[in-house]
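The first residue of the sequence shown is numbered 1, and numbering continues consecutively from there. Because the structure is predicted, anything quoted here is derived from the model rather than measured. First listed ligand is number 1; within each ligand, the first listed atom is number 1.
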Amino acid sequence: MPELDELQLIKSDLSDGVLTIRFNRPEKRNALNLAMYSALCEGLRLADGNDAVRAVLIAGSDGCFTSGNDLTDFMTAPPTGADSPVMAFLHAISTFRKPIVAAVTGSAVGIGVTMLLHCDLVYAAAGAVFQLPFVNLGLCPEAGSSLLIPRLMGHQRAAELLLLGEPFSAEQACHAGLVNGVCPDTELLAIARQKALQLAAQPAAAVRLTKELLKRDYAADLQKTIADEGAHFMARLKSPEAAEALRAFMEKRKPDFTKFA
Ligand code: COA
């Protein structure tokens, strides 16, 4: 596989039928910027068309999965439509036909969690910390998560994670059905890779068909939900609440929402 981007913010490696894609922006806790979304899309597009790729493994680096969307980009280059890099990535991962395994270590925030809903097997290091802080940022769920999270764990548990936006542990993620297994931090990558190798050794056409059938009853609703959430999310990014939350993040202080009704 060719390098996915010049700065190597997304690293890729193909061996034994497994394409490993790694986020590589550790100084910003692997926050995903526009170039990274574009590189991820390109990686998935190339993987789809390359018969040598039989499974994809997504991982972070330096003890971090990803801190989610780059919050500076939300202010300076927010998504504006279906062709925005983040929306293109969500379409690519949510319609990807081959199996995807994710290995989550350290922080997984925002889209770092919601992208897991589109993976097939998810393993987490015991010390991993998950968070869905959309409401905390004056935003709303994205990536089809308002459909998939309640479907996975029921309304009350979904509401707790999405309305309070508090961090939750790998054990909690596993209990909620978001994660298949929790592993010691040092063994995570080897275990996730082993599962990806197992998938790569399975008959590929049967794997693709089974993945499609597993998602059949919600596939159409999912694309509509991603689009609807995307429209709300883009509008929320222009709201005074989001402006205050993003400013507070930059200024390293707590946001004050009391002035907004
Ligand atoms: N976008 C842009 N920059 C980010 C970022 C993000 N999502 N997450 C972290 N960074 C930057 C920080 O601003 C900081 O930059 P600086 O060194 O120039 O000040 C650097 O990455 C390290 O972050 P820091 O908060 O010091 O790391 P930490 O290990 O203490 O905490 C997180 C890690 C992920 C828990 C924390 O950074 C965080 O909560 N980030 C925001 C996550 C978020 O809200 N994502 C969007 C969801 S929609």
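The protein heavy atom nearest to atom 2 (C) of ligand 1 is Leu71 N, 3.4 Å. Looking only at heavy atoms of the protein, atom 7 (N) of ligand 1 is closest to Asn69 O, 3.0 Å. Among protein heavy atoms, atom 38 (C) of ligand 1 sits closest to Phe249 CE1, 4.4 Å. Nearest protein heavy-atom neighbour of atom 6 (C) of ligand 1: Ala31 CB, 3.5 Å. Distance from atom 21 (O) of ligand 1 to its nearest protein heavy atom, with residue and atom name: Lys28 CA, 3.3 Å. Of the protein's heavy atoms, Ser67 OG, 3.5 Å lies nearest to atom 5 (C) of ligand 1.
Residue-environment remark: NZ (Lys195) stays at or below the threshold of 12 foreign heavy atoms within 6.0 Å.
When only modelled atom types and interatomic distance are considered, Gln223 and Ser94 share a side-chain donor-acceptor pair under 3.5 Å. Using modelled atom types, one finds no donor on one side chain facing an acceptor on the other under 3.5 Å when comparing Ser146 with Arg151.
Counting heavy atoms only, Ser107 comes closest to atom 32 (C) of ligand 1 of the residues Pro133, Ser107, Ala245. Distances from atom 23 (O) of ligand 1 to the heavy atoms of Lys252, Arg29, Met75 put Arg29 nearest.
For atom 17 (O) of ligand 1, the nearest protein heavy atom lies 4.0 Å or farther away. Atom 25 (O) of ligand 1 is not flagged as protein-proximal [any protein heavy atom, distance under 4.0 Å]. Protein non-hydrogen atoms do reach within 4.0 Å of atom 48 (S) of ligand 1.
Residue contacts with ligand 1 include Glu27, since one of its heavy atoms falls under 4.0 Å from the ligand.
Relative orientation of the Phe233 and Phe74 rings is tilted, given thresholds of 30° and 60° on the angle between their planes. Aromatic ring pairs are classed by plane angle as parallel below 30°, tilted from 30° to 60° and perpendicular above 60°; the pair Phe130 and Phe168 is parallel.
The ligand atoms of ligand 1 that sit less than 4.0 angstrom from a heavy atom of Phe134 are 48 (S).
Of all the heavy atoms of Asn136, none lies under 4.0 Å from any atom of ligand 1, so neither backbone nor side chain is involved. With a 4.0 Å heavy-atom cut-off, ligand 1 is reached by the side chain of Val109 but not by its N, CA, C or O.
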**OP:** Begin from the C-alpha positions of Val101 and Val122 and carry the test side-chain contact (heavy atoms from CB on, under 4.5 Å) through to its verdict.
**Re:** CA-CA 6 Å; Val101 180; Val122 180; over 6 Å; no

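Phe65 and Asn30 get closest at one heavy-atom pair: O-ND2, 3.0 Å. Between Gly144 and Thr225, the shortest heavy-atom distance links the atoms CA-CG2, 4.0 Å.
For the pair Arg253 and Glu244, the salt-bridge criterion is met [side-chain N within less than 4.0 Å of a carboxylate O].
Looking only at distances, a side-chain donor or acceptor of Arg25 sits under 3.5 Å from a matching main-chain atom of Ala31.
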